[in-house]
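Reading through the structure tokens given below for one structure.
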Amino acid sequence: MTEPNKKDPRAVAEGLNAEATLGPDHAPAEDLAQHIAPPRNQWWDVWDQFKTHKGAMSGAAVFIVIFVMVVFGPYVWTFSPSYIDFEAMSAGPSLSHPLGTDPLGRDMLARMMTGGRISIAVGIVAMVISIFLGTLVGVLAGYSKALDGPLMRLTDLFLALPVLPLLLVMVMLFRQPLSAIMGVNMGIFALIVSAIGVTSWMHAARIVRGEVLAIKEREFVLAARSIGTPNFRMIMRHILPNVLSPVMVAATLGIAQAIITESVLSFLGLGFPPDFPTWGRLLYDGIEYMQQTPGLVIWPGLAISLTVLSVNYIGDGLRDALDPRIRGR
Amino acid sequence: MLNYTIRRLILAIPTLLFISLIIFALLKLAPGNPLGDLPLTIPPEVRAKMREALGVNKPLLVQYILWLKEFFWVEPLHLFDVLFGTHFSDGMQRIISWQTRSPVFDIIAQRIPQTLWVVGLAYVVGVLIALPIGILSAYRQYSVFDQVGTFASMLGLAVPPFFSGVLVILVFSVYLGWFPAIYDTNLQVNDWHSFVEQLRQMVMPVLVLAIQTTSQISRYLRSSMLDNLSQDYVRTARAKGMTEWVVVMTHVLRNSMIPVITVIALGVPAIFGGAIVTEQIFLVNGIGQLLISAIYSNDLPMVQTLTFIFAVLIVVFNLIADLLYGVLDPRIRYD
């Protein structure tokens, strides 16, 4: 659809200079100091702008907290997520079980932490696959005139696929064979991650293609070509660094999307097995008991929602911060 | 406009063929044997006959074309027969479900009213709520209303339907007891009491589906209104002495609705996909629930047909969106 933040690529290159010298509210002394100071990395400007976006900053804070809890939490809270304690079945929150236990007496906090590891890992890996495919298709389509038509047709075709039903079908058909090859857990992980990646690269491809088409006409590309830069190095050295910012935004939003998709699959019972639970699977398992122990569904649901919300806010902030027209305003 | 329409229609055909090929290939290339669940005591010659009856011994291309014929020729013909009492499709092979041994489309026809009721109503409600929110938050940009609305729509997009559905069940049916947690499809609406009952059981699924729609559409409308509010023609309209109501509701809204209407059309297939989850939560026996149960029981013809129906929906509504855009915005037509 319409991408409201179409960037003028020229401004990316000049943003740093223009901002350092032309800032209207700089005192003369400060101005002088800036001239003397060594050139700043442009990522510091991005960070400065990012800091002013309150939603993005709180989003980043929440995401870091969740991430740290999920990654390092199990080393601090050394309770086994699969330890069955029949004396504390469906227990409410207490000191020994801060989030209560499930109907088998397994500690909810430990299960949430291991579940989150898988959920976030799925989100990140699926995002990497989808961004890789999207960037590849986008760069090829934008860079080569011959490939542009076919690749964009392919993108349109993929956009018309019914994603959720297809994902369900893929999981249904390939779960057992892949589990046989790679082991139950790795098999389902590989299947879900690649299925999500293969069905979600299209938006990134479109954005990247648009950017590449604009950059291709710029003088520095002409200059590089005139000294005989081969195509591959041209793409790696000159094109890719310049499409980095839209790709980063798409990647951030892609994590959120992938986490939601994975939990939908798990929620429909076609995701991860119960002994290898993700947040979506925990929620699915908790539904049966939600009248007695509502915590079983509330905690995983809250975790998914908070993660997605924070990642979306980070994406919003990044989009603003990477747009040099807004930066410094 | 005719030229534009024909071009779009012609583009839709290869898209549909490609998608049908992908779905077919996915289901055919997948490991698994349609007779795998049958007892081993069946003699080999009977087994061979069964394979023949299922048509799985023919070449893949023939199977694919036969499926296309069943989907695009036999089933529409059958529908025509049912509607007009003719007998064109007598004796033709229809798509048969492995699960129930009855034609797939008969089951779908039983299920689709439930889905349309819940999903369709949810979409209408969602759009109707989104319109005032979008208009007001653009008109009063950065006001408290706008901030709250933006946050709420971020929240609406972030909270997945399976969580919001479970939450509303917990709050409204477990704690408050206002609405039933399960959608009763057998309910016959024939008097006031059953009508109220029907409304009560539809509130929660409609609400859950509408939250997603509202968040998305109101965000689109807001940004589209903002783009238009700063245009010169708005200043002209104000300078002519138009009232604010006329300026906003007639001049700005009409122009802002062009992209939003296409988004609304494009969102229809997505909400059918969302209905898969919502139907599962509230146990509405619509086509989403049918797909899930078919997947669980390995009913491949049903899965294949339903998946393709979802694809057809997407292509058709993409087409509608394109055409609407052409109708509403003449600049697109002559592109």
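No hydrogens, no waters, no symmetry mates; every other heavy atom, side chains included, goes into these values. In what follows, every chain begins at residue 1, and chains take the letters A, B, ... in the order their sequences are listed. Remember, predicted model here, so these are calculated numbers, not experimental data.
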- Is any side-chain heavy atom of A/I304 closer than 4.5 Å to a side-chain heavy atom of B/F163?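 A side-chain contact under 4.5 Å is absent here.
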- Going by heavy atoms in the side chains, are A/V308 and B/P160 under 4.5 Å from each other? no
Side chain, backbone, both or neither of [X] within contact of chain B (heavy atoms, under 4.5 Å):
X: A/A160; answer: both
X: A/Y284; answer: side chain
X: A/D156; answer: neither
X: A/L164; answer: side chain
X: A/L168; answer: both

- Among A/L268, A/V264, A/V297, A/I287, which residue meets the side-chain contact (heavy atoms from CB on, under 4.5 Å) test with B/F162? A/V264
- Query: Among B/V315, B/I19, B/T15, B/I23, which one satisfies side-chain contact (heavy atoms from CB on, under 4.5 Å) with A/L161?
  - Reply: B/I19
[X] [atom1] to [Y] [atom2] distance, which is reported to the nearest 0.5 Å:
X: A/F174; Y: B/L26; atom1: CZ; atom2: CG; answer: 5.0 Å
X: B/I295; Y: A/L270; atom1: CD1; atom2: CG; answer: 6.0 Å
X: A/R153; Y: B/L11; atom1: CZ; atom2: CG; answer: 5.0 Å
X: B/L300; Y: A/M172; atom1: CG; atom2: CE; answer: 4.5 Å
X: B/L170; Y: A/I298; atom1: CG; atom2: CD1; answer: 5.5 Å

- Could you pull out the closest heavy-atom pair between A/P165 and B/F310, with the gap in Å? CG-CD1, 3.7 Å
- Query: Under a 4.5 Å heavy-atom cut-off, does chain A meet the side chain of B/I169, its backbone, both or neither?
  - Reply: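 Interface part for B/I169: side chain.
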- Message: Which atoms of B/F317 are under 4.5 Å from chain A, going by heavy atoms: the side chain, the backbone, both sets, or neither?
- Response: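 Neither part; nothing is under 4.5 Å.
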- Counting heavy-atom pairs under 4.5 angstrom with chain B, the leader among A/T307, A/L302, A/V311, A/L159 is A/L302
Can you establish whether the number of heavy atoms outside [X] located under 6.0 Å from its atom [atom1] is more than 12?
X: A/M69; atom1: CE; result: no
X: A/W299; atom1: CH2; result: no
X: B/F24; atom1: CZ; result: yes

- Interface residues of residues 151-158 of chain B facing chain A - non-hydrogen atoms under 4.5 Å apart: B/F151, B/M154, B/L155, B/L157, B/A158
